[in-house]
Amino acid sequence: MVGVSLGLARLRTWLARQRTTQRDLARRLGIDAGQCSRMVNGRNLPKLTLAGDIERLTGGYVKASAWSMAHAGALPELPEHRGRKRRAV
């Protein structure tokens with residue numbers, strides 16, 4: 001949980017510090033705004049390639065490794081999404 005929730009928290013913090021909207025983030029990453037919203041809100045995990053793009057875009061502030069641990073099943077799911085199936089976007 002630490003890696004995923006930390007990754008989400010850092011992504012949200014980066015968005016706020018940059019005064020960037022989810023829509024702008026989606027555009028810069030080349031993904032759909034709905035996909036971006038689901039990822040930022042913890043409903044879906046980014047695919048590893050997208051996690052790398054996020055790390056590059058944020059200058060390393062949001063590490064791709066947090067998402068890769070979640071994909072590997074090393075981390076439990078977020079409490080607010082227990083029972084839901086997370087999908088990679």
Closest heavy-atom pair, Thr13 versus Tyr61, reported as atoms and distance to 0.1 Å, is CG2-OH, 3.4 Å

Would you confirm whether Ser37, through its side chain, and Ala33, through its main-chain N or O, come within 3.5 Å as a donor-acceptor pair?
no

_Would you say that Asn41 contacts Gln22 through its side chain, given a criterion of any heavy-atom pair below 4.5 Å between the two side chains?_
yes

Using a 4.5 Å cut-off on heavy atoms from C-beta on, say whether the side chain of Met39 contacts that of Leu11.
yes

In terms of heavy-atom contacts, Val40 and Leu8 come closest through O-CD2, 3.8 Å

Quiz item: So, the side chain of Asp32 versus the backbone of Gly34: is there a donor-acceptor pair under 3.5 Å, distance only?
Solution: yes

* **Side chains of Ile31 and Asp53 in contact at under 4.5 Å (non-hydrogen atoms)** => no

Shortest non-hydrogen pair, Arg28 vs Thr20, comes out as NH1-OG1, 4.1 Å

Heavy-atom nearest pair, Cys36 first then Ala26, reads CB-CB, 3.6 Å

Heavy-atom closest pair (Trp14 atom, Leu25 atom, distance to 0.1 Å) is CZ3-CD1, 4.1 Å

